[in-house]
Q: 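Pasting a structure below so you can have a look.
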Amino acid sequence: MNVLVVGGGGREHALVMKIHESDKADKIYCVPGNGGISRYAECISGIKATDIEGVIETAKKVSADLVVVAPDDPLVMGMVDELNKEGFATFGPNKAAAIIEGSKVFSKELMKKYDIPTAGYEVFSSAVEAVNYIKEKNEYPTVIKADGLALGKGVIIAQNFTEAEDAVKSIMEDKIFGESGSKIVIEEFLTGPEVSVLCFTDGKTIKPMISSMDHKRALDGDKGLNTGGMGTIAPNPYYTEEIAKECMETIFKPTIEAMNKEGRTFKGCLYFGLMITPKGPKVIEYNCRFGDPETQVVLPLLDTDIIDIMMAIYNDKLDTVNVRWKNEAAACVVMASGGYPTKYETGKVINGLDERGQVSGAFVYHAGSKYENGDFLTAGGRVLNVTATGKNLKEAIDQSYTCVKKISFENHHFRTDIGARALASDN
Ligand code: AMP
Ligand code: GLY
């Protein structure tokens, strides 16, 4: 089969490498891809991941038998619908279903209507009303979320009235997230460990993947600014078997059924961002796609051919596939450019990688790299996702840090405590 992957970060590299393991994959293509991906797939770099026409043209040109749409924006824009109209098999939800991530107002109303546990909330389309509500409620911290997509940055946790008022104004009046901020959700602040659970689903059957944990802050000890993710571990020790059972009954199945009842059957990977609160697991967010960098620790542990799973979902037959997992753990450490998540330079030579962009003992997923004349150069804020597996979390974490030491580029930085807190809680 010819497989076309849409996207160009570490998540897509992990997908490409997993697809590469399949006997069924003949040729793999990626739009736009990146330097690391180009060693495993043919990259069509002139086309953006959001260019629906361009992706359809490419799918025709390469006679794609399966198109995997990985990022949120093309899914929310309806790329899958357009590919299906042209007769291509796809992996990813259609536009009607991708709204579960595309609109926080939609997802909150869905959860309220179908009694799915989540933080209490109110929706506002007027900044004045929102600010009045915050003043009246007078409870901090309070959580303010832009309705639409905002590159993962649309959530502000305000510690006092001034911060909350500033957040409302910058989202609704200054439009720092554009039209995504026409409406906002103000919600109750929840506490507890966070767990990411990615699930394969065809809308009838739901098969959760191994749980994981992201580390969103830039610096050790969960300090510094929010980022797209500085590292991940899988499995997540806070996600016990008991909690997994509860999530299946109170969250996963009800969500799939709710989407069916709304006429928005979800097919693909549905990501549940959960918080294990003192009152039980609650949904923090839904994503309509594989998480990044969660995918980088989840897919190395998958022991079933990913093409079989993706095609079964496309054909509404996920119930016929036995999705197996390795009894191991994985850890991913993100190596970022100096200055990320604010200002950083690119074009630095990356030392220590072999000709495939790898080091021995790890999977090096490239998030932002370029391949030029035999060299890998930095090309983004998050550059490499160094992922190792091991018999247990400690082994996986130690091994990924051992491999991080083999790689260097000017001004690189990484967190030194990925998985440390989870490990401590597990002992
Ligand atoms: P999101 O972009 O929705 O994943 O939110 C970013 C981060 O904000 C989450 O990973 C949580 O750490 C935090 N967060 C979001 N909603 C809440 C909430 N209701 N209570 C506490 N923390 C939250
Ligand atoms: N790691 C969080 C996300 O993919 O949105």
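Both counts, for ligands and for their atoms, begin at 1 and track the order of listing. If you're wondering where the values come from, they're calculated on a predicted model, not measured in any experiment.
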Q: Does Lys113 pair with Glu262 as a salt bridge, N-O distance under 4.0 Å?
A: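 Salt bridge between Lys113 and Glu262, a charged N being under 4.0 Å from a carboxylate O: yes.
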Q: Test of understanding: given a 4.0 Å heavy-atom threshold, classify the contact between Thr191 and ligand 1 as side chain, backbone, both, or neither.
A: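 The answer is neither.
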Q: Looking only at protein heavy atoms, which one is nearest to atom 21 (C) of ligand 1, and how far off is it?
A: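 Heavy-atom neighbour on the protein nearest atom 21 (C) of ligand 1: Leu190 O, 3.2 Å.
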Q: I need the atoms of ligand 1 closer than 4.0 Å to a non-hydrogen atom of Val143, numbered in the order shown.
A: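 By the 4.0 Å cutoff, the relevant atoms are 16 (N), 17 (C), 18 (C), 19 (N), 20 (N).
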Q: Quick test of your reading of the model: are Lys169 and Glu165 salt-bridged, counting only N-O distances below 4.0 Å?
A: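 Looking at Glu165 together with Lys169, the answer is yes, because their closest N to O distance falls below 4.0 Å.
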Q: Between the side chain of Asp147 and the main-chain N/O of Lys104, is any donor-acceptor distance below 3.5 Å?
A: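 The answer is yes, because a donor-acceptor pair under 3.5 Å joins these two groups.
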Q: With a cut-off of under 6.0 Å to the ring centre and 45° to the axis, is Lys112 in cation-pi contact with Tyr121?
A: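 Satisfied, under 6.0 Å and within 45°.
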Q: Would you tell me which option among Arg217, Lys145, Glu285 has the nearest heavy-atom contact to atom 16 (N) of ligand 1?
A: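 Nearest option to atom 16 (N) of ligand 1, by heavy atoms: Lys145.
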Q: Using a 4.0 Å cut-off on heavy atoms, what residues surround ligand 2? Order them by chain and number.
A: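 The 4.0 Å shell around ligand 2 contains Asp214, Tyr271, Asn287, Arg289, Gly291, Asp292, Glu294.
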Q: Should you measure from each heavy atom of Glu187, which atoms of ligand 1 turn up under 4.0 Å away?
A: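 Those of ligand 1 that fall under 4.0 Å from Glu187 are 16 (N), 17 (C), 18 (C), 19 (N).
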Q: Does Gly231 offer a backbone N or O that forms a donor-acceptor pair with the side chain of His215 under 3.5 Å?
A: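 Indeed, once roles are kept as given, a pair shorter than 3.5 Å links the two residues.
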Q: Go through ligand 1 atom by atom and flag the ones less than 4.0 Å from a non-hydrogen atom of Lys104.
A: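 Numbered from 1, ligand 1 contributes 3 (O).
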Q: Check whether Arg324 reaches the backbone of Asp303 with its side chain - one donor and one acceptor, N or O, closer than 3.5 Å.
A: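 A pair under 3.5 Å: yes.
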Q: Assign the ring pair Tyr371 / Phe376 to parallel, tilted or perpendicular, where the plane angle (0 to 90°) is split at 30° and 60°.
A: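 The rings of Tyr371 and Phe376 sit tilted, inter-plane angle from 30° to 60°.
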Q: Within the structure, does Phe189 bring an N/O atom to less than 3.5 angstrom of an N/O atom in ligand 1?
A: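 It does not: no N or O of Phe189 is found under 3.5 Å from an N or O of ligand 1.
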Q: Without swapping roles, check the side chain of Ser425 against the backbone of Ala422 for a donor-acceptor pair under 3.5 Å.
A: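 Checking the backbone N and O of Ala422 against the side chain of Ser425, a donor-acceptor pair under 3.5 Å is found.
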Q: Counting non-hydrogen protein atoms only, what is the nearest one to atom 13 (C) of ligand 1? Give residue, atom name and distance.
A: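 Among all protein heavy atoms, the one nearest atom 13 (C) of ligand 1 is Ile157 CD1, 3.8 Å.
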Q: To the nearest 0.1 Å, how far is atom 11 (C) of ligand 1 from its closest protein heavy atom, and which atom is that?
A: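 Scanning the protein heavy atoms, the shortest distance from atom 11 (C) of ligand 1 goes to Glu194 OE2, 3.2 Å.
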Q: Using protein heavy atoms only, decide if any is under 4.0 Å from atom 7 (C) of ligand 1.
A: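 False for atom 7 (C) of ligand 1.
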Q: Please report which non-hydrogen protein atom sits nearest to atom 17 (C) of ligand 1, along with the residue it belongs to and the distance in Å to one decimal place.
A: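 Here the closest protein heavy atom is Ile284 CD1, 3.6 Å.
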Q: Which ligand 1 atoms, with their elements, are less than 4.0 angstrom from a heavy-atom of Val155?
A: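 Under 4.0 Å from Val155, ligand 1 has these atoms: 1 (P), 2 (O), 3 (O), 5 (O), 8 (O), 15 (C).
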Q: Flag this pair as yes if the NZ/CZ of Arg11 is under 6.0 angstrom from the six-membered ring centre of Tyr365 and inside a 45 degree cone about the axis; otherwise no.
A: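 No - Arg11 does not lie over the ring of Tyr365 by the 6.0 Å and 45° rule.
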Q: In terms of ring plane angle, is the pair His412 and Phe409 parallel, tilted or perpendicular, where the classes change at 30° and 60°?
A: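 The rings of His412 and Phe409 sit tilted, inter-plane angle from 30° to 60°.
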Q: Kindly assign one of parallel, tilted or perpendicular to the pair Tyr133 and Phe124, based on the angle between their ring planes and the thresholds 30° and 60°.
A: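 Aromatic pair Tyr133/Phe124 classed tilted.
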Q: Mind telling me whether Trp325 and Phe200 have parallel, tilted or perpendicular rings, with 30° and 60° as the class edges?
A: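 Taking Trp325 first and then Phe200, their aromatic rings lie parallel (interplane angle under 30°).
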